[in-house]
Novice: 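Before we start, here is the structure in question, set down as structure tokens.
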Amino acid sequence: PTKSTGGYADIDFFDYERAEFNTPVIVEQDADGYWFHYTYEKNADGFSGRGSASVTSTNEQKYAGEKSLYCSEREASWNGALHSLSSAVCEPGKSYSFSANVLYTEGDPTDLFHFTLQYNDAAGEVQYEKIASETVKKGEWTQLKNTSFTIPEGASGMQIYIETDESTNSFYVDEMICAPDGVKIDGPAVEIEFTLGDLNDDGTI
């Protein structure tokens, strides 16, 4: 109606075809129940360098399989290994279990690593959330994990990446996984060192 309310429409037939560009992306869990599992065995699995960083699949180091992802040429701590995160894989407002194993072989005895999410909030502002952080010992594979990380509501343009807190050390990444919320993902064993009598682990008795 254009002048008054009321009336009805009798539609005898309706047909709809989805255009190729508008085909929905349907992501299913793999045989292990993971939403994604990057192993870098054949290539960089869609990862790219953040900032000045360069990434490549390499057989120089590995946690599992034969290869890992090598991230080098870093000029700042935020330069790292980057991958886009589709909302078809990780839905905003829902929780997931994340894991990535990292290793570095040069520099100080320890380095602080972050598994980070970058996204645009509902207002279009760029935001950052640490999925997991861990102090890594040089030469030892270490797991960055969070068994229940919630993707912020309204998040878009999501990217996940591995970075360091302050250093520009080159590093390796292997077995990056996203699983359903609460799933424990196996990683390298952490050897706990302590000094007898050092109750709060601050290096003094």
Side-chain angles (χ1 to χ4, degrees), residues 27 34-58 60-64 67-92 94-107 110-121 124-136 138 140-179 185 187-188:
V27 178
Y34 299 148
W35 291 111
F36 64 68
H37 183 184
Y38 300 125
T39 62
Y40 318 108
E41 291 298 300
K42 295 181 179 179
N43 50 49
D45 278 340
F47 278 73
S48 60
R50 189 169 189 256
S52 68
S54 174
V55 297
T56 185
S57 176
T58 179
E60 291 181 1
Q61 299 285 347
K62 61 183 180 181
Y63 169 68
K67 294 184 178 181
S68 64
L69 185 74
Y70 181 53
C71 181
S72 60
E73 300 177 31
R74 304 174 64 232
E75 297 177 356
S77 61
W78 58 270
N79 299 161
L82 171 75
H83 198 288
S84 295
L85 182 63
S86 170
S87 58
V89 177
C90 292
E91 186 178 337
K94 291 190 175 181
S95 300
Y96 301 86
S97 177
F98 288 93
S99 173
N101 301 310
V102 296
L103 168 77
Y104 77 103
T105 58
E106 298 178 353
T110 62
D111 200 354
L112 179 59
F113 278 77
H114 303 295
F115 190 169
T116 306
L117 169 70
Q118 174 185 317
Y119 66 97
N120 299 324
D121 63 17
E125 297 292 328
V126 178
Q127 304 292 343
Y128 304 90
E129 293 275 352
K130 295 290 188 294
I131 298 173
S133 299
E134 197 70 48
T135 298
V136 178
K138 183 169 63 176
E140 295 185 12
W141 281 104
T142 302
Q143 186 181 30
L144 308 179
K145 65 178 179 179
N146 188 335
T147 58
S148 187
F149 177 79
T150 303
I151 305 294
E153 288 277 4
S156 63
M158 296 184 292
Q159 298 176 328
I160 50 175
Y161 57 95
I162 304 295
E163 61 179 342
T164 54
D165 196 63
E166 295 183 352
S167 81
T168 57
N169 293 326
S170 297
F171 59 83
Y172 301 85
V173 183
D174 205 1
E175 296 289 301
M176 182 181 284
I177 295 171
C178 175
I185 301 168

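In this chain, numbering begins with 1 at the start of the sequence shown. Quick caveat: nothing in here was measured; it's all calculated off a predicted structure.
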Novice: I need the I131 CD1 to L144 CG distance, nearest 0.5 Å.
Specialist: 10.0 Å

Novice: Any side-chain heavy atom of E129 within less than 4.5 Å of one from F149?
Specialist: yes

Novice: Quick check: closest heavy atoms across P152 and L117, and the distance to 0.1 Å?
Specialist: CD-CD2, 3.8 Å

Novice: For residues Y161 and W78, determine if any side-chain heavy atom of one lies less than 4.5 Å from a side-chain heavy atom of the other.
Specialist: no

Novice: Could you tell me how the ring of Y40 sits relative to the ring of F47: parallel (under 30°), tilted (30 to 60°) or perpendicular (over 60°)?
Specialist: perpendicular

Novice: So, for Y172 and S68, which heavy atoms are closest and what is the spacing to 0.1 Å?
Specialist: CD2-OG, 3.5 Å

Novice: Is there a side-chain contact between H37 and E175 (heavy atoms, below 4.5 Å)?
Specialist: yes

Novice: Please report the shortest heavy-atom distance between K67 and D174, naming the atom on each side.
Specialist: O-OD2, 3.3 Å

Novice: If I take atom CG from residue N43 and atom OG1 from residue T56, how far apart are they, to the nearest 0.5 angstrom?
Specialist: 9.5 Å

Novice: Atom NZ of residue position K138 - does it have more than 12 heavy atoms of other residues, nucleotides or ligands inside 6.0 Å?
Specialist: yes

Novice: So, T150 and S95: side-chain donor and acceptor under 3.5 Å apart, yes or no?
Specialist: yes

Novice: So, D111 and T164: side-chain donor and acceptor under 3.5 Å apart, yes or no?
Specialist: no

Novice: When you measure from the side chain of Y96 to the backbone of E91, do you find a donor-acceptor pair of N or O atoms at a distance under 3.5 Å?
Specialist: yes

Novice: State, with a plain yes or no, whether a side-chain heavy atom of M176 is found less than 4.5 Å away from one of L69.
Specialist: no

Novice: Report the residues that fulfil side chain to side chain donor-acceptor pair (under 3.5 Å) with T58, sequence neighbours left out, ordered by chain and then residue number.
Specialist: none

Novice: Using atom types as modelled and distance alone, determine if a side-chain donor or acceptor of T110 lies under 3.5 Å from a backbone N or O of T135.
Specialist: no

Novice: Do the side chains of S87 and M158 get nearer than 4.5 Å, heavy atoms only?
Specialist: yes

Novice: State, yes or no, whether a side-chain contact exists between F36 and L85 at a heavy-atom distance under 4.5 Å.
Specialist: yes

Novice: Looking at E41 and K62, does any basic side-chain N land under 4.0 Å from a carboxylate oxygen?
Specialist: no

Novice: What I'd like to find out is whether the side chain of S97 reaches to under 4.5 Å of the side chain of I185, using heavy atoms alone.
Specialist: yes

Novice: Report yes or no: does K145 contribute a side-chain atom to a donor-acceptor pair with the main-chain N or O of A132 at less than 3.5 Å?
Specialist: no

Novice: Drop me the distance from Y38's OH to C178's SG, to the nearest 0.5 angstrom.
Specialist: 9.0 Å

Novice: If we only count heavy atoms from C-beta on, is the C90 to I160 side-chain gap below 4.5 Å?
Specialist: no

Novice: Side chain of N120, backbone of G157: donor and acceptor closer than 3.5 Å?
Specialist: no

Novice: At what distance, to the nearest 0.5 angstrom, does CZ of F171 lie from CZ of R74?
Specialist: 5.0 Å

Novice: Can you see whether H114 engages E134 through a side-chain donor-acceptor pair at a distance of less than 3.5 angstrom?
Specialist: no

Novice: Say you draw a straight line from CG of D165 to OG of S133; how long is it, rounded to the nearest 0.5 Å?
Specialist: 7.5 Å

Novice: With no hydrogens and no angle check, do the side chains of T116 and E163 hold a donor and an acceptor under 3.5 Å apart?
Specialist: yes

Novice: Please give me the minimum heavy-atom distance between A100 and I162, naming the atom from each residue.
Specialist: CB-CD1, 4.1 Å

Novice: According to side-chain contact (heavy atoms from CB on, under 4.5 Å), who are the partners of S72, at least two apart in sequence or on a separate chain?
Specialist: S54, Y70, S170

Novice: Rounded at 0.5 Å granularity, tell me how far CD in E73 sits from CG in N79.
Specialist: 10.5 Å

Novice: Looking only at heavy atoms, which two atoms of A155 and Y119 are closest? And how far apart?
Specialist: CB-CD1, 3.6 Å

Novice: Anything under 30° is parallel, anything over 60° is perpendicular, the rest tilted; go ahead and classify F113 against Y104.
Specialist: tilted

